[in-house]
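Here is the structure we will look at, set down as structure tokens.
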Amino acid sequence: MSSLVADARPVRRLRWQVAAWAWLAFCVVVAVHQGRFWRANHFGTDVMALLPQDEQAPEVDRATRQLADQAARQVVVMIGAPAWADARKAADAWQQALDAAKAPLRPSALAGPDTLRDTLAFYAPYRDRLLTSAQRAQLEHAAPQSLVQNALGALAQPGGSLRLADWNADPLGLWPQWWLARASDTRARPRDGQLALSDGGLEWIVLLRETTGSAFSLNGDSPISDALATAQAAAATAVPSVRVVAGGVPLHAEYAATRAHREVDTIGWGSIAGVLLLVFLAFRTLRPRLLMAVSLLVGMATALSATALVFGQVQLLTAVFGASLIGCAEDYGLYYFASRQGAPGQEPLRLMSTLLPGLSLALLTSVLGYLALGLPPFPGLRQMALFAVVGIVATFLTTVCWFPWIDRGELRRTGFSNWIAASFARYPRFGATRGPWLVHAAFALACGVGIGFLHANDDVRQLQASPPALVDAQREIGRLLGLASPAQFFVVRGASADDVLRREESLKTRLDTRVASGELAGYRALSDWVPSQARQASDAALTRRVEDGVVAGVDQVLGESQQRARFDAAPLTLAQWLASPASAAARALWIGAVPRRDDGTAFASVVMLRGVRDLASLPDIARSADGLPGVRWVDQVQSVSALLGRYRHTMGLLLVAGHAAVLLALALRYGRRAWRAWMPTAVATLGTLALLALFGQPLQLFNVLALALLLGIGIDYGIFLLERQDADAGSAWLAVVLGAASTWLSFGLLALSSTPALRSFGLTLLFGILIVWFAAPLYRPRTAASLETS
Amino acid sequence: MLTFVRAAVMAVMAATALFATASFAATEADFARLIHQRLQASPVLKGEFEQAKTLKGFRNPLVSRGEFLVARGQGVWWHTRQPFESTLVVTKTRLFTRNADGSAADLMDVQAEPGLQQVNELIFSLLAADLDVLADKFTVVAQPVGANGWTLTLTPRDANIAKFLVRATLTGERDLQTVRIEEARGDATQIRFSHQVPAAALTADEAARFQ
């Protein structure tokens, strides 16, 4: 549109100067902040921080976080051998090797004899108020005489009496049984000073460790898994047949951290290297290369600082994404230098002011594309969006404010740039004939068929980034130990703590039938440890009535004169329990005070499930909550998947709206020719969807987000080609080729990422950029001269 | 917590098993080996017992009498005849009582309580007089008594078990004669064995007792 030679308006030199100095001042501030940032190490690897907050239910968030926090530091290692002696030998070798490796792990404190005695002493005054449901049923229905017989039989039984309480305080031996039921939370049992279990012909020793360090090192080391591997090798040397299974959140987190570090290295540096090589080939001088490196550095640093300031912490995944940003922020510098090369006589400042409208429009459309990333309420995506927008704006400002001042002198044409610029004239374009219509019709048909085969899959489990071996180990540990699943649980709300416990008890009554039918192995509930006041009162009355009878009956038969022991008249309260070390095992089930709801509920707890036999029966189990006030089923896997799906859908609609908005913005500048800048991106979007279908890739949120980004990037190329015409068209094409190649390179490398979300993001752009690159020149207008006549 | 419960069950089971190590040979030099040999020769042992329990809160000792049957690798059957009819059976997978009418009531099975398997191991290592295994769990002190007698004192090594079981003392000459179990709560149990008869195999009738 605006030919360079034709533009003779004066350049407002002072304004540029002020802008350049102001930007320099800003950059100094950023540099100071960066110095602090890198010293303090604000990088985070908490995967939970990337998950969306469930704005509907704060108690669900709290429960999820609480259950996750509990597990966040725990490393579980199981050592199995056919013979117990071998398992012990291997475990000893393992422990020695681990200690020698000086890993940031310490043994988890196991309950010692004193803790056990104290816990028993804590509960002893309330013994009469604590019954299992089986005991309650037995005491309610058994004939008094048969209970006396049971007590007498127990007294005559062989071996030691081994009571947990005096006989008159527990004549029927209910107390040990109640503790056995509490012990069923895990299958591991103490054995020779270790936690152990037998399964599938193997004797397993369970070793619990917790991490000592706070954050993971950013140097790419993996001290925990290295030490575990060394220890495992030592165990295998001691006992060749040993099986060692290790799991725990720290292992997954460390794996993610080292991999993210590796990918930042390969993707980031690979992208930079590729970009610089292209620039060198095109310009054969150090200057553009250095300047663009400076602009990218400023962009990255500003993005990091802004993200750290807004979010307090930069997630490593965000940093990985930021590394890929380089490819697209590069376009502005390339466009400038390609234009400089194409117009050797032009003063840099004048050239920049000529390019500014097109560059600004390109920036605007890119910012629109990146902002779309931040619309879903995923904190991680918001970080990425902020990082990306700040990064490209800073790179843009560096390019616009500084390049014309620093970049003096000649920029000679090179063989490579000449060859590319010249290729533009030979590049085919769609004329006003019937051919293009047929091509478009065929393309539309092919895309239509392809997209018809596209299927959506929002299952969050497909985003699981941990290696299969680690996932399998985790699953096996869960199965062996009979652990409760942290992903599916009930949240119980009530007006008071006691109300919560009462509602739990109603739920447990229903769950008991599932346990009886074998669907469930069991559940973990707070009210198992502290029954509701009503339940305690009725159980106390029941045991008092029954046990008075039993003591009297036994006295009569044996000629003794015992009295049933007296118990505490006051019930056990949740507050007492929480304040005592006795609550250590189950404290995480109590969520506590939550924002008051209209129904008056202000407290919440979690009821967890153990040993779900068949995952398919989960919806059925979930229905146990039906009709129970305050009880809500939470399936994290399902709800995060549903959220991903919801936002995929929303983002899809936003993408269409975004296309419309961009087309409108283009129309304001280009009028009826706006479609020429827009069409390549539209074609690339449809083509990419069809290709994803062809490669059997499911459509998910990250594909749609990548398409939003494609909109931001692809439109730039359309703008560049539409801005510069006639003699300058070759240099615009050079900018497009270099830009697309470097963008393609950086996002192409992203497709190599082993983080599934980034991979699908990268793959989408791999297809999309390629199509938009080669489609863009097809839509260029014939020439300026011929346009005016048409 | 689990430790606590397990310790209780373990100790009960250990005590149940102790009496079963009848027919100890009593040479002062090396009874472990001799006991081992003797027991290997008799996979099945039956006999009678008299047990006296002294419990806190009870004026009189609780005395019971009955018969027992031990089948190595299968289990232990303990039949109390006086003062009440009751039967306790321990097998590899179950711990149950049998009522007078022949019906069985499970106290514990290995599915619900994985620790039972360990208890079984202990019982069977006792049956085999495998002092190597016993020495893992107990400090064993052997003392000769008179010309032919001996005393074996077992003190738990595990601090959790020691919270319940102070010691178990076994005495005998050619056979195991008494077992005394002293508990931390002050309760004590004394079992006296008599009329012990070794056998090569279970009869069909006896085998049915473990079902």
Side-chain angles (χ1 to χ4, degrees), chain A residues 84-85 88 110-117 119-120 149-150 152-169 176-193 195-199 203 482 554 557-563 565 582 584-585, chain B residues 1-9 11-19 49 51 53 55-60 62-64 66 68 76 78 80 82-86 88 97 108 110 112-115 117-118 121 136-137 157-160 162-165 168 181-183 185 187-189 191:
Chain A
W84 172 243
R88 286 184 73 178
L110 284 180
D114 290 342
T115 322
L116 299 167
R117 190 194 53 207
T119 305
L120 194 72
Q149 286 304 318
N150 285 355
L152 288 168
L155 284 172
Q157 238 167 38
S161 62
L162 289 146
R163 316 188 56 84
L164 297 183
D166 289 345
W167 182 84
N168 68 343
Q177 280 176 18
W178 187 83
W179 280 113
L180 266 184
R182 297 292 71 76
S184 65
D185 276 0
T186 165
R187 292 184 63 220
R189 295 291 179 266
R191 179 175 182 179
D192 300 343
L195 275 179
L197 62 90
S198 307
D199 187 276
E203 301 298 328
V554 169
V557 174
L558 296 179
E560 298 281 337
S561 52
Q562 299 227 50
Q563 296 286 322
Chain B
M1 207 33 49
L2 340 167
T3 320
F4 191 83
V5 179
R6 293 286 12 100
V9 176
V12 173
M13 291 299 96
T16 313
L18 283 177
F19 74 85
F49 70 86
Q51 172 177 280
K53 262 189 208 181
L55 285 187
K56 211 171 133 194
F58 285 81
R59 278 195 297 263
N60 308 312
L62 298 153
V63 180
S64 56
F68 70 89
V76 182
W78 180 276
T80 309
Q82 285 181 313
F84 319 102
E85 190 76 25
S86 86
L88 182 77
T97 57
M108 213 179 270
V110 74
E113 190 35 61
Q117 198 156 339
Q118 245 190 84
E121 241 169 58
D136 253 12
K137 296 179 166 63
R157 290 183 189 278
D158 189 316
N160 287 309
K163 289 274 175 209
F164 294 86
L165 183 66
I181 300 163
E182 290 162 78
E183 296 173 44
R185 298 188 70 82
D187 297 345
T189 304
I191 309 168

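Quick note on labels: first sequence line is chain A, next is B, and so on, each numbered from 1.
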Euclidean distance, [Y] [atom2] relative to [X] [atom1], rounded to 0.5 Å:
X: A:Leu558; Y: B:Leu55; atom1: CG; atom2: CG; value: 10.0 Å
X: B:Lys56; Y: A:Gln562; atom1: NZ; atom2: CD; value: 11.0 Å
X: B:Arg185; Y: A:Asp166; atom1: CZ; atom2: CG; value: 4.5 Å

Please enumerate all residues that pass side-chain hydrogen bond (donor to acceptor under 3.5 Å, both in side chains) together with B:Glu182, with sequence neighbours excluded.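 Here the qualifying residues are B:Arg167.
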
For B:Lys53 and A:Leu155, indicate whether the former's side chain and the latter's backbone hold a donor-acceptor pair under 3.5 Å.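 The answer is yes, because a donor-acceptor pair under 3.5 Å joins these two groups.
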
With a 4.5 angstrom heavy-atom cut-off, which part of A:Glu560 approaches chain B: side chain, backbone, both or neither?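 Answer is both: backbone and side chain atoms of A:Glu560 are under 4.5 Å from chain B.
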
